[in-house]
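Right, one structure below, let's go through it.
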Amino acid sequence: LTLRRAIEDSSLIQFSRLANVFELEDIREELLMWIALRAKRALCCTSLLLRQHVSTFLRASLLKVRIEDATFENAAFVGRLPHLKELNVQGEPMPIMVAHLRSLRRINVGLLSIEASLFVGSILSGGEHTFRLSSGSCVALPPLRTRERLNLSSRGLKDSDLATLLGALALNRCLKELDLGDNIAPQGGVVKAAMIAALPWPLLRHNSSLQLTSVLQFTSETMS
């Protein structure tokens, strides 16, 4: 019970100390499922014992993530996991089969939730894919990674659509201008916080729709 309470309170120091008292076999998958993905990543830095066990959990072929795990940093981390075959996102009716998804050239992402969109976008960010968005318009990923100026205005982008594009946009080291005018997105705190994490500051500071003060507050509350 004390160990579970430490996990629920996200007390990494207390959990690390308790882990050194318990046998490795006592730290079961059921307990790890109570920890947020960000906390799992942090636990790998607290002790060798935890690093060995949590790394095994994160390197498995199956990973389950919760709604509160949907941050750009977590999505980018998941996108780099070398052995991931199946990703289960809380609230999504179907699992994300990574190898199958990467084998497709054209992918309909219009029905994904915002949370699943963040992870799918990062998993596919380096590929030669074309996304069909909720509005019916199509966006190819390679130009998002290479062009200095991108015009995504009037595409009818919702938050979930924009979330799928952030992974590729984050890989663009020469991006100087991004036009998102006349889109519904960004609206919610999740995608706004993801934009701040994924995109360079000069592209964001003049975007009035972001309302950066409220987004930074949302981000700090999510991380606390």
Side-chain angles (χ1 to χ4, degrees), residues 28-44 51-134 136-146 157-173 185 188 190-191 193-195 197-199 222:
R28 303 291 185 183
E29 180 178 347
E30 293 80 10
L31 293 176
L32 282 174
M33 288 304 298
W34 284 87
I35 312 174
L37 180 56
R38 175 175 170 268
K40 291 187 182 79
R41 293 164 54 201
L43 282 171
C44 291
R51 182 179 180 84
Q52 291 173 341
H53 191 70
V54 178
S55 293
T56 300
F57 182 84
L58 293 175
R59 290 174 181 172
S61 60
L62 169 64
L63 180 66
K64 298 179 181 180
V65 294
R66 303 182 300 185
I67 289 176
E68 54 267 35
D69 292 328
T71 66
F72 181 78
E73 295 85 352
N74 278 339
F77 172 80
V78 170
R80 296 190 298 267
L81 292 176
H83 305 296
L84 183 63
K85 295 181 179 179
E86 180 179 339
L87 177 66
N88 288 348
V89 181
Q90 183 182 7
E92 282 295 307
M94 299 291 291
I96 297 168
M97 308 306 295
V98 175
H100 173 68
L101 203 60
R102 284 176 171 157
S103 70
L104 302 176
R105 297 292 297 230
R106 300 177 67 87
I107 302 169
N108 186 350
V109 298
L111 298 179
L112 293 175
S113 65
I114 296 174
E115 294 79 14
S117 295
L118 272 177
F119 288 103
V120 167
S122 288
I123 288 171
L124 301 177
S125 60
E128 303 297 310
H129 311 284
T130 297
F131 288 167
R132 184 177 178 85
L133 308 176
S134 62
S137 64
C138 295
V139 175
L141 296 190
L144 301 186
R145 299 192 299 265
T146 58
L157 298 181
K158 299 192 305 183
D159 279 7
S160 57
D161 299 319
L162 182 54
T164 61
L165 305 180
L166 289 178
L169 288 170
L171 298 179
N172 191 332
R173 300 306 179 204
V190 171
V191 74
M195 288 178 67
L199 301 176
T222 302

Rounded distance (nearest 0.5 Å) linking atom CG of L84 with atom CD1 of I96:
9.0 Å
Applying salt bridge (Lys or Arg N to Asp or Glu O under 4.0 Å), can you list everything that pairs with R66, at least two apart in sequence or on another chain?
E68
I'd like to know if the side chain of D69 reaches the main chain of L37, judged simply by a donor and an acceptor atom lying under 3.5 Å from each other, with no hydrogens or angles considered.
yes
Could you pull out all donor-acceptor pairs under 3.5 Å where a side-chain atom in residues 124-134 meets a protein atom, sequence neighbours excluded?
unit_1, atom_1, unit_2, atom_2, d
S125, OG, S122, O, 3.0
E128, OE2, R145, NH2, 3.2
H129, ND1, L104, O, 2.6
R132, NH1, G136, O, 3.4
S134, OG, D161, OD1, 3.4
S134, OG, D161, OD2, 2.6

Between A170 and F72, what is the shortest heavy-atom contact and its length?
CB-CZ, 3.5 Å
Shortest non-hydrogen contact from C44 to L58?
SG-CD1, 4.4 Å
Let me have the donor-acceptor pairs involving side chains of residues 108-119, under 3.5 Å, with sequence neighbours excluded, atom names and distances please.
unit_1, atom_1, unit_2, atom_2, d
N108, OD1, G110, N, 3.0
S113, OG, E92, OE2, 2.8
S113, OG, A116, N, 3.1
S117, OG, S113, O, 2.7
S117, OG, S160, O, 3.2

Between OG1 of T164 and CD1 of I107, what distance do you get to the nearest 0.5 Å?
10.0 Å
Not counting sequence neighbours, list each pair that qualifies as a side chain to side chain donor-acceptor pair (under 3.5 Å) and has a residue in residues 73-82.
R41-N74, T71-N74
To check you understand the geometry: which heavy-atom pair defines the closest contact between I123 and V98, and what is its length?
CG2-CG1, 3.9 Å
Of all the heavy-atom pairs spanning V190 and A70, show the shortest one and how long it is.
CG1-O, 3.7 Å
Intermediate values then yes/no, side chain to side chain contact (heavy atoms under 4.5 Å, CB included), N172 and L144
CA-CA 7 Å; N172 191 332; L144 301 186; 5.9 Å; no
Quick one: do M195 and L162 satisfy side chain to side chain contact (heavy atoms under 4.5 Å, CB included)? Show the steps, please.
CA-CA 9 Å; M195 288 178 67; L162 182 54; 3.6 Å; yes
Do other residues, nucleotides or ligands put more than 12 heavy atoms under 6.0 Å from the CZ atom of R59?
no
Can you see which heavy atom on L63 is nearest to which on V78, and at what distance?
CD2-CG2, 3.8 Å
Output the distance between atom CD (E86) and atom NZ (K64), rounded to the nearest 0.5 Å.
8.5 Å
K40 (side chain) donor-acceptor with I35 (main chain) under 3.5 angstrom
yes
List in chain and number order the residues that pass side chain to side chain contact (heavy atoms under 4.5 Å, CB included) with T146, two or more places apart in sequence or in another chain; answer none if no residue qualifies.
none
Applying salt bridge (charged side-chain N to carboxylate O under 4.0 Å, His left out), which residue pairs with at least one partner in residues 116-126 are found, sequence neighbours left out?
none
